[in-house]
Amino acid sequence: MKALDQSRRKLNTEEDTRALGLGIAEALEPGDVVALIGDLGTGKTALTKYIAEGLGITEEINSPTFTIVKEYRSGRLPLYHFDVYRLGSGEELLDIGAEEMLDGDGVCVIEWADIVADVLPDDAVAIQLEYGENEGERIAEFL
């Protein structure tokens, strides 16, 4: 991944989340993995939508909760969007064939990445999303 400001950020508005996602997308290169960690409702899918927008993805992005992964190829790089909430381990992720995507020509964005952290590359960009102090506020912290 190219250089990216990885400071802790308050996301007070949807536009703040969009700016973060677009910035991440600009820095992404083939083979990059973005590992999103956070509770329900902290903005993992929203951030993924804006990363996809920044990559030029034209399809609608929604969480692949039941399919585990969705693939999008309309942007400058393929996007493999994972929601691993229903998996029990990194081994289960590899069992569904994710290794070729993790090592592939596109980028992976993985929601609930802490569940499968043991099989993610060491250079994955991990982002913790948390609720902020104020209504609607989120905190994005690069780990």
Side-chain angles (χ1 to χ4, degrees), residues 1-132 136-143:
M1 178 179 276
K2 297 176 192 169
L4 174 69
D5 174 14
Q6 295 189 7
S7 59
R8 179 180 166 103
R9 300 180 191 194
K10 280 188 180 182
L11 306 174
N12 293 311
T13 65
E14 191 77 15
E15 188 55 39
D16 292 342
T17 303
R18 182 174 184 265
L20 177 59
L22 295 179
I24 291 168
E26 186 177 319
L28 290 172
E29 299 174 336
D32 284 340
V33 175
V34 179
L36 302 179
I37 303 162
D39 291 334
L40 283 170
T42 54
K44 296 179 297 296
T45 302
L47 183 57
T48 302
K49 287 179 183 183
Y50 292 124
I51 292 170
E53 178 185 332
L55 289 172
I57 304 289
T58 56
E59 296 99 327
E60 182 178 343
I61 305 296
N62 46 47
S63 188
T65 303
F66 296 104
T67 57
I68 310 297
V69 63
K70 288 186 181 177
E71 182 177 337
Y72 303 94
R73 292 197 164 267
S74 61
R76 71 173 177 89
L77 294 170
L79 171 65
Y80 306 106
H81 178 201
F82 292 85
D83 181 329
V84 299
Y85 180 77
R86 297 179 334 123
L87 298 183
S89 69
E91 197 61 41
E92 287 183 34
L93 180 65
L94 298 179
D95 287 346
I96 65 166
E99 191 167 9
E100 68 183 49
M101 292 175 217
L102 291 169
D103 296 331
D105 60 344
V107 297
C108 295
V109 176
I110 304 173
E111 297 187 36
W112 302 98
D114 48 322
I115 295 170
V116 297
D118 59 318
V119 299
L120 297 183
D122 292 337
D123 62 350
V125 175
I127 304 170
Q128 174 80 43
L129 295 164
E130 303 172 343
Y131 292 105
E137 180 183 82
R138 302 294 185 264
I139 305 296
E141 183 171 2
F142 287 80
L143 305 175

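Counting heavy atoms from C-beta on, the side chains of Asp32 and Val125 never come closer than 4.5 Å. Contact annotation: the side chain of Pro64 approaches that of Asp83 to within less than 4.5 Å [non-hydrogen atoms, C-beta and beyond]. Glu111 is listed as a side-chain neighbour of His81, based on a closest heavy-atom distance under 4.5 Å. Between Ile110 and Val84 the shortest side-chain heavy-atom distance falls below 4.5 Å. Inter-residue side-chain proximity for Trp112 and Arg86 is flagged as unmet; no heavy-atom pair is nearer than 4.5 Å. Put simply, the side chain of Phe82 reaches to within 4.5 Å of the side chain of Leu93, judged on heavy atoms. In this structure the side chain of Arg76 reaches within 4.5 angstrom of the side chain of Leu28, judged on heavy atoms.
Residues Ala25 and Leu55 come closest through the heavy atom pair CB-N, 3.8 Å. Taking each heavy atom of Ala140 and Leu129 in turn, the nearest pair found is CB-CD2, 3.7 Å. In terms of heavy-atom proximity, Val116 sits nearest to Ser89 at CG1-O, 3.6 Å. The shortest non-hydrogen separation linking Ile115 to Gly88 is CG2-C, 4.2 Å. Residues Leu120 and Ala35 approach most closely at CD1-CB, 3.9 Å, considering heavy atoms. Heavy atoms only, all atoms of each residue included: Leu77 and Pro30 are closest at CD2-CG, 3.6 Å.
Between Ile24 atom CD1 and Leu36 atom CG the span is 7.5 Å, to the nearest 0.5 Å. The structure places CD1 of Ile57 at 11.0 Å from CD1 of Ile51, a figure rounded to the nearest 0.5 Å. The CD atom of Glu130 sits 6.0 Å away from the CZ atom of Arg8 when rounded to the nearest 0.5 Å. In this structure, CD1 on Ile96 lies 9.0 Å from CG on Leu94, to the nearest 0.5 angstrom. To the nearest 0.5 angstrom, Leu20 atom CG is 6.0 Å from Leu11 atom CG. Rounding to the nearest 0.5 Å places CG of Leu47 at 12.5 Å from CZ of Arg18.
In the displayed structure, Glu71 atom CD is contacted under 6.0 Å by more than 12 heavy atoms of other residues, nucleotides or ligands. Counting non-hydrogen atoms of neighbouring residues, nucleotides and ligands closer than 6.0 angstrom, the OH atom of Tyr85 reaches no more than 12 such neighbours. Under a cut-off of 6.0 angstrom, the local environment of CD in Glu15 is crowded, with over 12 non-hydrogen atoms contributed by other residues, nucleotides or ligands.
Arg9 places no side-chain N or O within 3.5 Å of a backbone atom of Phe142 that could act as its donor or acceptor partner. Using modelled atom types, no side-chain atom of Thr58 and backbone atom of Ser74 make a donor-acceptor pair closer than 3.5 Å. In terms of modelled atom types and a separation under 3.5 Å, the side chain of Lys44 and the main chain of Asp39 share a donor-acceptor contact.
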Val107 vs Val34, side chain to side chain contact (heavy atoms under 4.5 Å, CB included): CA-CA, chis, key distance, verdict: CA-CA 8 Å; Val107 297; Val34 179; over 6 Å; no
